[in-house]
Amino acid sequence: MGVVLLAAGGSSRLGHPKQLVVHEGKTLIRRAAEAALSLGGPVVVVLGAHREAIASELSGLPVRLVVHPDWALGPGGSLTAGLAALLSAPEALTPAVDAVLVMLCDQLRVGAAHLKALVATWRDTGAPVVASEYDGTRGVPALFARSVFDELASLSPEQGARGVIAHQPSRVVTVPLPGGDEDVDTPSDLARLKSPD
């Protein structure tokens, strides 16, 4: 099982790279990468905007960096680029990639425990898709079994993983993620993040 961490966005609404926002002493991108690595499988990080600065934040971590030049067209292209990189890695690095976990770097409530809960639910149920459930929706982080890889690979650039999750609701099992809609998209999100509870 591998992880594709999407970190290519330009953070246009925030005005500076959200990936480099510091939360609880670490940048969001490093927090997310460390959580992904806790699962023990290969981790691909897809970069686009601000790639040099973001890559430097990952220094020393055993992740594979993939630059997606067309990141501005939408998340679907970044996801397919990350999946292709995961599947094309040498066999020694990806023994039997039977599922991929897709995640973002700016969901503040996502940590290693939630990612492990997604994997455990998949192993227990064998469901093709295990998604996070929050704010009345099903979304990422989400785990997709190999039987769904072709759908992920054929996403158009403007589509994200949510389209695959919604395609056949009956095949989806969910894991609750309280506060899963808390992310960092705007200056007000950042202000809320920095203010004490």
*Do the side chains of Val63 and Leu65 get nearer than 4.5 Å, heavy atoms only?*
yes
*Donor-acceptor pair, side chain of Arg162 and main chain of Val140, under 3.5 angstrom*: no
*Less than 4.5 Å apart, any side-chain heavy atom of His50 and any of Leu20?*
no
*Could you tell me whether a side-chain N or O of Thr137 sits under 3.5 Å from a main-chain N or O of Tyr134, the two making a donor and an acceptor?*
no
*So how far is it from Asp106 CG to Ile29 CD1, rounded to the nearest 0.5 Å?*
10.0 Å
*About how many Å separate CZ of Arg30 and CG of Leu37, when rounded to the nearest 0.5 Å?*
9.0 Å
*Mind checking the CG-CG spacing from Leu58 to Leu5? Nearest 0.5 Å is all I need.*
7.5 Å
*asked:* Counting only heavy atoms not in Asp150 (residues, nucleotides, ligands), do more than 12 fall under 6.0 Å from its CG?
replied: no
*Roughly how far, to the nearest 0.5 Å, is CG of Leu6 from CG of Leu104?*
6.0 Å
*Check whether Val173 and Ile165 end up in the same hydrophobic cluster, where Ile, Leu, Val, Met, Phe, Trp and Tyr are linked by side-chain heavy atoms less than 4.5 Å apart.*
no
_Return the NZ to CG distance between Lys18 and Leu28, rounded to the nearest 0.5 Å._
9.0 Å
*Taking side-chain hydrogen bond (donor to acceptor under 3.5 Å, both in side chains) as the test, write out the residues that go with Arg109, two or more places apart.*
Glu182
*Does Glu151 reach the main-chain N or O of Val148 with its side chain, forming a donor-acceptor pair under 3.5 Å?*
no
*What are the two closest non-hydrogen atoms of Gly77 and His68, and how far apart are they?*
C-NE2, 3.4 Å
*Close side-chain approach of Trp71 to Leu47, heavy-atom, < 4.5 Å*: no
*Is Ser132 reaching over with its side chain to a backbone N or O of Pro141, donor-acceptor style, under 3.5 angstrom?*
yes
*Shortest non-hydrogen contact between Phe149 and Asp98, atoms and distance*: CZ-C, 4.3 Å
*Between Ala131 and Gly139, what is the shortest heavy-atom contact and its length?*
CB-O, 3.6 Å
*Could you tell me whether the side chain of Gln19 and the main chain of Ala7 form a donor-acceptor pair under 3.5 Å?*
yes
*Going from NE2 on His167 to CD on Gln159, what distance comes out if it is rounded to the nearest 0.5 angstrom?*
10.5 Å
_Beyond-backbone contact of Leu61 with Glu34, side-chain heavy atoms, under 4.5 angstrom_ = yes
*Shortest non-hydrogen contact between Val46 and Gly82, atoms and distance*: CG2-CA, 3.5 Å
*Nearest heavy-atom pair of Ala35 and Gly111: which atoms, and what distance?*
CB-C, 4.0 Å
*Counting N and O atoms only, with roles assigned by atom type, does the side chain of Arg64 sit under 3.5 Å from a partner on the main chain of Ala85, one being a donor and the other an acceptor?*
yes
*Kindly give the heavy-atom pair with the smallest separation between Val3 and Ala36, and that separation in Å.*
CG1-CB, 3.7 Å
*Would you indicate whether Arg138, at its atom CZ, is surrounded by more than 12 heavy atoms from other residues, nucleotides or ligands within a distance under 6.0 Å?*
yes
